Structures are given as C-alpha cells and as structure tokens.
Protein chains: 2
Amino acid sequence: MARSPTEFSPVTLPLSRTAQLVEHLGTDIRAGRYKPTERLPTEQELMARFDVSRTVVREAVASLKAEGLVVTRQGSGAFVAQNPTGKPFRIVQDDLTSITEVLNVLQLRLAVEVEVAGDAAIKRDQLRLDDMARCLEQIDAAVRAGDAAIEADYEFHLSIARATGNPYFERFMRFLGTVLIPRQTVRAGIEDPRAQRAYLDQVQAEHRAIYQAIRDADPIAARAAARAHLEAGRERYRTISREAV
Amino acid sequence: MARSPTEFSPVTLPLSRTAQLVEHLGTDIRAGRYKPTERLPTEQELMARFDVSRTVVREAVASLKAEGLVVTRQGSGAFVAQNPTGKPFRIVQDDLTSITEVLNVLQLRLAVEVEVAGDAAIKRDQLRLDDMARCLEQIDAAVRAGDAAIEADYEFHLSIARATGNPYFERFMRFLGTVLIPRQTVRAGIEDPRAQRAYLDQVQAEHRAIYQAIRDADPIAARAAARAHLEAGRERYRTISREAV
DNA sequence: TTTGCCATGTTATCAGACAAGATACATTTC
DNA sequence: GAAATGTATCTTGTCTGATAACATGGCAAA
C-alpha cells in the first residue's frame with residue numbers, strides 16, 4: 001500500500017504501530033500460520049506480545065476486519081475468516097470518468113439483468129410478483145410527486161433479482177448500483193419538468209413490459225423487455241452525457 | 001449507562017456503532033458528499049456529530065483506511081483518498097460448498113458470457129477471430145494429448161470477451177474463473193478415458209458453434225450458442241456432482 | 001439428565017490524558 | 001519588505017483505566 005504520495009521517504013518509511021501490527025498479523029494469516037476459523041490471541045495477549053496498547057490492537061483488528069481477513073464475535077474472540085485470500089472484483093470509481101467507461105459497466109449490468117429477468121420469469125411466485133408491483137407503484141408515486149424516483153427504480157430491479165432465488169444476482173446488482181448510482185444523477189439534471197416527466201413515463205412503460213413478461217412466465221419476452229429497457233437506458237445516458245458536455 | 005440503541009427501532013440492529021459509522025462515512029464518500037482529497041471532519045467533530053467515543057471514531061477511520069477510502073496524516077487530519085475505491089464484489093470460496101451455490105455462480109457466469117458472445121459477434125474483427133480460432137486449436141491439441149484442456153478452454157472464453165472491447169467483461173470472467181476453476185477439476189475426475197474424450201468432443205462442438213456465430217456476425221445465434229453451451233455446462237456439473245456423492 | 005443461574009473471560013464502548021506531527025501566525029532577522 | 005524562525009494551537013497517534021454487552025463453561029437445583 002502506497003504511503004502519502006507527496007512524501008518522499010529516503011530510506012526508512014516509518015510505519016505506525018497499528019500498521020506494523022496489521023502487516024504482521026495479515027502475513028501470519030495469509031501464510032496460514034493462523035488457520036481459517038482459528039481463534040486469534042486475545043487483545044490482552046496481543047498487547048503483551050507486541051508491547052502495544054489496546055488502542056493499537058483494536059485498530060489493527062478493525063483493519064483486518066475491513067480486509068475480510070478476520071471476524072470478531074463479542075465476548076468470544078477474533079477469528080480468522082474462512083477464506084482469507086479471496087481476491088475481490090473491483091470497479092474503481094475514478095476509472096469511470098469517461099462516458100465510454102460508464103457505458104461499459106452499464107453493459108455488464110445489462111448482461112446480468114437480462115438473464116435475471118429471464119430467470120425471474122421462470123422462478124417467480126405470487127409473493128415476488130407482489131413485491132415488483134409494489135415497487136412499480138412506488139415509482140409511480142414518486143414520479144407524481146415530481147421526484148426522479150432513482151431509489152424506487154433501483155428497488156424494482158432488485159426485486160426482480162430476488163425473484164430468481166439466486167442471491168448472487170442481487171448482490172452483484174447492488175454492487176453495480178453503488179458504482180453507477182452516483183453517475184445516474186444526470187437524470188435529475190433534466191431541467192424541463194415536462195421533459196423529465198416524459199422521460200420517466202417512458203422508463204416506467206419499459207418497467208411494466210418487463211413485469212408483465214415475468215408475470216406471464218415468459219422468459220424470452222422478459223429477456224427481450226429487459227434488453228430493450230437497458231439498451232434504451234444506455235442510449236439515454238449516451239445522449240444526456242453528450243448534451244451535458 | 002448505555003445509550004439505548006433501541007431508541008428508534010424496537011428491534012436492536014446487530015450493527016456495532018463502529019460498523020454503523022463505517023457504513024455512514026463510507027456511503028458519504030462513495031456518494032461524493034466528501035470529494036477526493038477533501039478533509040473529513042476531525043475526530044472531535046465526528047464524536048460530537050455521531051455521539052460516539054473516540055475509540056469508535058478511530059476504529060471506523062481505521063476500517064476506511066483499510067478499504068482504501070481515506071488516508072490520514074498525523075497532525076493534519078483524515079482525507080478522502082484520491083481514488084476512493086468502491087466496495088468490491090466478493091464471492092467467498094467457502095460459500096461454494098453446496099452444489100446449489102456453485103450452480104448459482106455458474107448462472108452469473110452464463111448471464112455475462114451470453115451477452116459477451118452476442119456483443120463479440122457485433123464488435124469482432126479478423127484479429128480477434130484469429131485469437132479465438134487459435135484457442136480452439138489449442139483445445140484440440142490438448143484433447144488429443146489426453147489433457148482435460150481446462151486452461152485452453154478458459155482462454156477461449158476470455159478471447160471472446162476481449163473481442164467485445166469492453167475490458168470489464170474479461171476482468172469479471174477472470175474473477176469468476178478464479179472462483180470456479182478449483183471446482184472444475186471434476187472434469188478431470190472422469191475415470192473412463194473414452195467417456196472423457198466424448199465429453200470433451202461435445203464441449204468442443206459447442207465451442208465451435210459459438211465461434212461460427214461470432215464469425216458470421218450473428219449476435220442472436222451467438223447468444224443462443226453461448227447459452228446452450230453454458231446451460232449444458234451447468235447440467236454437466238449438476239450430474240457429475242451428483243454422481244460424485 | 002435437564003434446566004437455569006452465575007462466575008469468568010472476552011470484545012465493545014466510553015472517558016481522559018500525553019506524545020508527535022502539522023499548520024497558521026506572530027516575531028525576529030536580514 | 002521579505003525570508004527565516006519560533007510558538008501557540010490544532011489534529012492524529014498512542015497509552016491507560018474503567019464499564020457494558022456478550023459468550024462460555026461449570027455448578028446447583030429440579
């Protein structure tokens with residue numbers, strides 16, 4: 001991990017005690033010297049072994065928790081996570097400066113959501129259909145209130161993912177959501193209220209097409225509707241971003 | 001005298017104060033409410049604003065540091081990182097113990113690769129087609145040598161992703177590969193060499209169907225071929241795993 | 001044996017203090 | 001006047017001691 005970019009340290013880079021402890025314990029865990037699910041030494045033991053205060057120990061453990069290497073249970077102890085070496089899939093926000101990059105991520109979203117809609121049309125039950133319908137109504141209400149309904153829109157898509165019964169779909173869509181939602185505020189940037197209303201009505205019509213295909217248990221139609229919706233969404237992003245420039 | 005965490009909700013939420021603060025600050029940063037290189041409130045201000053102790057504030061900041069969202073400079077303050085990285089998408093290996101879980105991840109892979117094949121059929125050029133063809137030949141060679149050709153198979157799929165020009169496709173497929181490849185060794189577990197050869201010939205026939213559709217610039221056929229291949233793959237995994245039990 | 005209580009150990013959180021580095025501003029020096 | 005310097009003050013880093021919440025195992029009672 002890089003230190004402060006403005007700081008040139010000629011020979012020695014002084015790591016804080018916390019950072020040293022994180023480094024030490026992290027390598028121990030990655031090297032398998034502590035095995036998955038094994039309990040780490042108690043805070044008191046770590047304090048004594050490394051001659052540091054409890055603050056340092058706790059901050060180090062907090063860092064390791066954030067890295068996903070350990071989990072703690074209050075009153076029980078700190079334990080090595082089951083999979084300490086899983087390399088995650090990252091999308092770096094700063095890479096999404098160009099329109100093209102955002103469109104690429106939107107295409108990844110399209111890929112997943114098309115399949116999600118198709119599978120939802122197979123797996124869906126009345127309960128999930130009710131959830132989707134409720135989301136659609138919430139979008140309607142938000143639009144009537146003059147809101148951009150970004151959150152309700154998001155929830156509708158998630159409700160479809162839940163209907164598949166495959167938890168990875170919802171998790172991945174939530175992941176993409178955190179990446180994309182900050183970019184989606186352009187939707188709220190449409191100045192003319194009537195234009196925005198027309199825009200939202202169009203989006204909602206596409207939503208209903210997806211919903212109806214799922215309700216009709218027609219996976220092919222559901223995939224087609226989802227594809228239409230998300231390709232239109234990419235196109236809208238393309239044109240709006242271009243105008244914004 | 002503990003502050004009542006049930007003040008707002010009858011059911012105590014299992015999130016620790018530290019975790020809540022991490023969540024709050026993390027979303028603030030990711031949402032851009034704190035901009036890169038901007039200074040965060042001081043520890044004292046955060047203590048006052050969230051009504052928590054300095055321990056909680058410091059552990060929360062330690063977590064955010066581990067996530068790469070903030071950097072701290074002693075005596076100066078805590079700052080939003082220049083490249084605040086989003087929360088990554090993780091698939092924990094240990095969650096893939098059950099057949100169902102693996103099938104769920106395979107479905108995620110299917111979703112992406114179907115779209116990848118379709119987009120490759122649109123974007124492909126001669127250079128990329130040559131890459132794919134070369135991969136197919138390598139699989140053939142490996143199979144003739146009696147090898148399971150897992151690596152060459154992987155490379156073929158990646159070559160399709162490269163043809164789309166969308167780097168996120170290849171990155172995501174590589175990510176899923178690291179998760180799934182350890183599970184794929186069942187392929188090598190087929191004991192009868194003739195059965196394995198028949199299996200691999202079938203797989204290779206499906207590969208060629210995908211390749212030809214892409215070569216013919218037919219996205220619909222490419223998606224159908226990719227879907228057929230990956231659904232067959234899921235089915236093969238299902239049956240083989242069941243036999244293994 | 002089973003159930004429930006309780007002592008003990010552990011993490012979570014709070015509070016206060018001092019050390020070390022950073023920053024702005026006044027002071028000194030040229 | 002400008003640059004160098006000293007200093008007050010702010011902020012993070014670390015230490016210490018205490019209380020609350022939770023987990024666990026043992027023991028007593030049913």
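Letters go in sequence order (proteins before strands), and every chain restarts at 1. Because the structure is predicted, anything quoted here is derived from the model rather than measured.
- Where G77(B) and D51(A) each meet DNA chain D at their nearest nucleotide, the meeting point lying more 5' is that of G77(B).
- If you take CZ of R17(A) and P of dG13(D), they are 13 Å apart, rounded to a whole angstrom.
- Rounded to an integer number of Å, the gap from Q20(A) CD to dG13(D) C1' is 13 Å.
- Under a cut-off of 6.0 angstrom, the local environment of CG in D51(A) is sparse, with at most 12 non-hydrogen atoms contributed by other residues, nucleotides or ligands.
- The side-chain tip of R73(A) points at the ring of F79(A) from less than 6.0 angstrom away and within 45° of straight on.
- Cation-pi contact between R171(A) and F89(B): present, with separation from the ring centre below 6.0 Å and deviation from the ring axis of at most 45°.
- Of all the residues in residues 52-60 of chain A, R54(A), R58(A) reach under 4.0 Å from DNA chain C with at least one non-hydrogen atom.
- Ionic pairing of K35(B) and E38(B) is not present here: no N-O contact between side-chain nitrogen and carboxylate oxygen is shorter than 4.0 angstrom.
- Looking at residues two or more places apart in sequence or on another chain, you find a side-chain contact (heavy atoms from CB on, under 4.5 Å) between R215(A) and L129(A), Y211(A), Q212(A).
- Remark: E113(B) engages R109(B) in a salt bridge, criterion side-chain N to carboxylate O under 4.0 Å.
- OP1 or OP2 of dG13(D) has not a single side-chain nitrogen or oxygen of T18(A) nearer than 4.0 Å.
- For the side-chain contact (heavy atoms from CB on, under 4.5 Å) test, residues two or more places apart in sequence or in another chain that qualify with D140(A) are R144(A), Q204(A), R208(A).
- We find that CZ of F50(B) is positioned 18 Å from C1' of dC14(C), with the value rounded to whole Å.
- Using modelled atom types, one side-chain atom of N166(B) and one backbone atom of N104(A) make a donor-acceptor pair closer than 3.5 Å.
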Anything under 3.5 Å between a protein N or O and an N or O of nucleotides 23-27 of chain D, put it in a table, one pair a line.
unit_1	atom_1	unit_2	atom_2	d
dA23(D)	O4'	G75(A)	O	3.4

Query raised in the report: Given F175(A) and Y168(A), is the ring pair (Phe, Tyr, Trp, His ring centres under 6.0 Å) satisfied, shown in steps?
Result: CA-CA 10 Å; F175(A) 164 71; Y168(A) 292 101; over 10 Å; no

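- Near-neighbour residues of DNA chain D inside residues 41-49 of chain B, defined by a heavy atom below 4.0 Å, number-ordered: T42(B), E43(B).
- Under the side-chain contact (heavy atoms from CB on, under 4.5 Å) criterion, S63(A) pairs with V22(A), A62(B), A66(B), not counting sequence neighbours.
- Atom-to-atom distance recorded for E170(B):CD and R174(B):CZ is 4.5 Å, nearest 0.5 angstrom.
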